[in-house]
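Convention: sequence-line order gives letters A, B, ...; per-chain numbering from 1.
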Amino acid sequence: MSATMQLPTEGRSLLQNALMRLRANKGAMVSLFVLTLLILAAFIGPYFIPFNYQDPDWAAFRTPPSLSSGHYFGTDQNGRDLLARTLYGTRVSLIVALVATIVAIIIGVSFGAIAGYFGGRLDQAMMRFVDIIYALPYILFVILLMVVFGRNVYLLFAAIGALEWLTMARIVRGQTLSIKQREFIEAARAAGVKPLTIVFRHIVPNLIGPVVIYAALTVPEIVATESFLSYLGFGVQEPLTSLGTLIAEGGKVMEVLPWLLWFPATFLVVMLLCMLFIGDGLRDAFDTREHMPK
Amino acid sequence: MLRYALNRLLSTIPVLWIAVTACFFILRLAPGGPFDGERQLPQRIKDNLAAHYNLDKPIVEQYFIYVGNVLKGDLGPSFINQDFNVAEQLAIGLPYTIILGSVAFILAIAIGILAGVMGALYRNRHPDYVLGLIILTGLVIPNFLVAPILQLVFGLKLEWLPVGGWGDGSISFLVLPVVVLALPHIARISRLMRGALIEVLNSNYIRTARSKGYSSSRVIIKHALKPALMPVVSYLGPAAGFLLTGSLVVETIFGLPGIGRYFINAALNRDYGMVLGTVIFYMVLIVTLNLIVDIVYAWLDPRVRTQ
Amino acid sequence: MNQPVLSINNLSIEFETPDGLIRAVNNIACHVNSGECLGIVGESGSGKSQTFLATMGLLANNGHARGEVLFGGKNLLQLSTRELNKILGDRLSIIFQDPLTSLTPHMRIGEQMAEVLHVHRQLKGHQSQQLCLQWLDRVHIPEARQRLKQYPHELSGGMRQRVMIAMCMLCQPELLIADEPTTALDVTVQAEILDLMTELQQDLGTAIVLITHDMGVVARMCDRVHVMRSGEYIETGSTEDIFYRPKEAYTRMLLDAVPKFNLDKVDNPNVEISQDSNTILVAEDVQIHFKLNTNWFSRPMTLRAVDGISFSLNAGETLGIVGESGSGKSTLARAILRLLPKTAGTVSWLGTDLNKLDKQSMRTMRKDLQIVFQDPLASLDPARTVGFSIMEPLLVHEPSLTLSGRQDRVKAIMLKVGLDASLINRYPHELSGGQNQRVGIARAMILNPQLIICDEAVSALDVSIQAQILQLLKQLQRERGLSYIFISHDLSVVSEISHRVMVMYLGSVVELASSEKLFSNPQHPYTKQLISAVPIADPKIERSRQRIKFGTELASPLDLNARLRFLPSKRSTEPNYRPKLQERFKGHFVAEHDAIADLL
């Protein structure tokens with residue numbers, strides 16, 4: 001009985017493997033680092049600067065960035081500190097992205113998993129519904145909603161999140177269908193495991209890969225969408241601000257006050273870039289095909 | 001094939017119907033209306049206006065009147081701009097939007113596919129890295145940021161191209177808007193194309209084709225290209241939609257009198273008639289494009305047809 | 001047997017991987033003479049395919065080949081792509097394993113064939129089409145003219161492999177490389193494809209390199225054999241030498257591992273069943289139908305996957321179920337366990353009708369009825385450790401056990417099935433196929449069931465592993481008095497383990513008898529055809545056998561007419577007639593069929 005004496009060796013799950021591969025991906029790790037800095041700056045930074053995003057500094061209108069004035073990013077036409085406004089804008093963008101992504105994941109995963117697991121007519125009806133909404137130009141709908149119900153940040157979260165779930169639902173459903181076909185689900189049924197237990201014990205854990213990947217791709221998309229809407233004037237409103245609003249304002253005066261465009265633009269681009277790299281890194285890390293021996 | 005197309009055509013009807021219905025009720029049930037503007041109108045005028053636009057009837061009746069009119073091609077009156085009805089305004093803006101959109105669409109497909117093929121063939125070598133840079137730019141810099149930068153560089157600094165407007169309609173006025181509109185789609189299409197082609201080139205039937213001693217150009221063009229195009233084609237449906245929404249920004253920034261700009265103005269002014277009309281128009285356009293894309297898809301993949 | 005068509009000297013193949021350089025093939029040498037068939041035998045991962053992919057310049061991008069491959073006086077490894085392309089597909093052709101994915105999906109058969117002629121012979125139009133038709137006829141494809149206009153997905157696997165062969169033969173190559181050409185096909189189809197290849201070899205003098213894992217196929221086809229293991233040829237010789245006088249232990253092991261399938265004397269190595277053992281499972285007239293294709297335009301069709309099957313099973317007995325793809329054998333297995341709904345019929349276990357049980361009682365009943373699946377990796381949850389997978393049935397049926405109690409049970413059963421208990425926290429992707437299958441068996445065994453259904457339980461494994469698993473199953477049966485229903489497409493495996501065997505064809509039973517009787521004295525024409533199609537790993541016997549053929553490939557279960565394939569006399573009078581099972585000898589049941597002489 002020497003075998004039982006031997007200590008069990010710890011195995012590595014697919015998830016752990018994927019995270020290890022991600023850790024080996026330099027681009028993704030650098031992006032993660034930069035993104036973390038940005039997030040910290042957006043949420044903690046405002047406490048360390050003497051200006052807030054809405055009160056004008058009567059002594060400094062349209063000042064270019066300078067170290068001596070304390071306005072490191074300069075001020076706008078109303079004398080408001082651009083650093084404070086940019087950090088605030090970044091925060092709004094991040095919160096919108098986070099909330100909307102969570103909304104999308106919750107609705108998408110439950111909708112997709114239910115449709116996929118129970119199948120049949122229910123599945124057909126549910127997916128037909130998704131198809132129909134999918135075929136609609138959704139930006140128009142968001143604009144429509146903003147027009148009808150007024151420009152409200154919370155509504156914006158909900159509206160964007162409620163539309164982004166469609167893709168998530170499709171992905172989850174597809175994945176559920178293919179997992180359901182796998183023999184290990186049949187094995188669990190043959191062992192007498194109850195349906196709902198099967199869903200949570202065997203199906204949901206196997207959805208993590210695609211859900212994480214898709215969520216990572218959704219976040220930048222929502223950031224971009226929010227900026228886009230704010231840019232057009234349907235998003236966040238004065239005196240609140242977001243990166244899109246700041247870029248829209250900066251764009252109008254870029255010849256005379258170029259810093260008003262460049263700083264928020266750089267923040268947005270760097271943020272999107274990092275998210276893109278992290279998303280790609282996650283996709284590669286979870287894509288088992290490339291790592292399987294042939 | 002014909003049966004497949006017919007089947008798809010029939011399935012677009014509920015999509016359109018639901019969309020129209022949803023838009024109609026969202027707008028009608030919303031608090032406030034076009035005549036609740038800053039100027040308080042006397043109640044009698046309001047009532048007259050309401051009667052004129054059938055707003056005094058029960059909402060369900062209004063809905064049937066509206067749908068009936070839409071089926072006849074009448075998108076109703078604009079509530080703000082009294083001189084033209086919705087259809088007329090759309091007709092004025094249409095040529096600009098269509099020219100802009102179709103040129104950008106064709107450009108995006110052509111460059112995107114070409115760049116994707118180059119990327120796949122020169123995988124992890126110099127052309128692939130250059131391509132990667134284009135993709136990154138297109139994906140990361142939003143069009144409302146690219147537009148002012150290009151205006152600044154090519155319009156104001158270099159003075160090569162006009163900053164905006166339609167001018168005499170010459171090509172130079174089209175260049176910047178088209179580039180801005182096409183860039184993100186060039187990026188996405190080339191990314192899709194590259195990935196798909198790499199996957200196809202690793203497939204068994206490509207190995208078979210190579211084992212027959214075919215030249216690599218023959219293998220790629222005859223055997224690999226068609227299946228690799230499929231993800232690109234299925235992207236084109238949604239892309240058409242994104243292109244239209246992109247035109248909202250581009251027409252606004254470059255001051256082009258297209259439908260997108262009308263839509264933004266109408267939305268900001270709560271011109272419900274115009275908003276509804278534009279949404280319906282867009283929807284028909286997008287659904288039609290999706291239909292075409294699906295049929296092209298079936299043509300590319302014989303397995304879809306017999307399914 | 002004059003001079004070599006192809007000779008390989010000092011060939012080594014290396015792959016650059018993230019884990020460093022991997023040497024897949026190590027300094028090998030071989031040659032193929034014109035008109036001969038050379039066999040390359042080895043288990044998966046031995047490098048047998050890579051050798052010949054390298055020969056044709058088809059290695060993956062990270063692969064590199066060194067050495068000499070002489071063909072027509074030139075070293076293929078040093079030719080420019082242009083020069084190599086002139087030879088490939090013209091004088092040197094290859095058939096791949098998987099006919100489903102090896103043809104370009106969007107091109108018609110005709111286009112793909114014509115392309116070969118266009119590139120290598122500059123032929124076009126009528127002349128080219130004639131040649132294509134000729135070859136499709138020659139590989140026995142019916143209605144060749146219509147096939148030219150079809151897409152690959154519209155043909156069956158066997159048909160596609162024929163098209164592949166026809167495409168290879170269009171330019172009449174000097175050498176044809178066949179890389180596991182029949183592994184993905186049913187036995188009867190395999191037999192026809194192998195016959196076809198022999199025919200081409202004899203008529204045209206085409207040399208063939210046959211890469212396979214199947215000793216039976218080698219025995220049937222090859223003149224000389226190389227046995228390959230871990231990138232090297234460990235034994236080389238004439239087929240007779242290899243089979244009757246093997247020198248290397250590995251070769252002997254490969255030969256021993258092949259399930260013996262001797263027609264004259266089936267010595268039954270199985271556990272004796274005591275005479276007084278009682279019936280535990282009875283299936284009566286089980287039917288499972290599926291509704292297909294509820295499109296707007298076409299009428300829904302009914303697929304009769306299982307069409308009225310009855311049998312019984314005794315305690316401690318193994319019932320083998322044999323059939324080709326589409327015969328409904330796996331569907332039947334799932335219906336017995338109520339994993340799929342039955343359309344009609346009853347299955348009773350120890351006298352209880354399983355259909356009448358409510359969900360809760362059925363769940364309790366599952367303790368005694370377990371299943372082992374085909375694909376060892378797919379049947380284990382990738383997100384869970386193997387220990388958890390083995391333990392899961394305990395959570396359902398013995399919820400009172402403590403954690404350590406469960407772990408002890410898991411470790412005990414792991415030892416029983418030959419798994420090291422230290423693997424308990426590993427994940428399925430970290431284990432080999434054989435180990436994973438043992439995990440599957442451990443999971444089925446942990447509740448001490450009375451019946452285990454093995455659904456193609458050894459089909460995905462290499463022969464040596466296959467033999468070990470079969471051994472394990474028999475041992476467990478001896479120790480615990482288990483009953484098995486053993487489902488497989490592989491007759492030799494079934495003959496090895498079963499007491500009684502049931503042959504299925506298109507959802508119904510055509511023959512049911514004890515293993516000895518069925519294999520030594522098959523009665524139904526389909527059984528005869530099936531048995532005669534299985535290659536036997538003994539060259540003398542294999543080559544002297546008479547093959548029996550009734551028409552071509554397996555018909556679709558949707559084709560109602562196909563049900564009367566062995567009873568065509570009823571077609572005109574009673575087209576809906578279902579052949580009945582009759583007891584021809586004691587315990588030997590045969591479905592009605594017309595006289596064999598009339599069928600041939």
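Within the 4.5 angstrom heavy-atom criterion, only side-chain atoms of Ile247(A), from C-beta onward, approach chain B.
Looking only at side-chain heavy atoms (C-beta outward), Leu261(A) and Leu145(B) come within less than 4.5 Å of each other.
A 6.0 Å sphere centred on CZ of Phe154(B) holds no more than 12 heavy atoms belonging to other residues, nucleotides or ligands.
When each of Leu152(B), Ile141(B), Thr252(B) is checked for heavy-atom pairs under 4.5 Å with chain A, Leu152(B) comes out on top.
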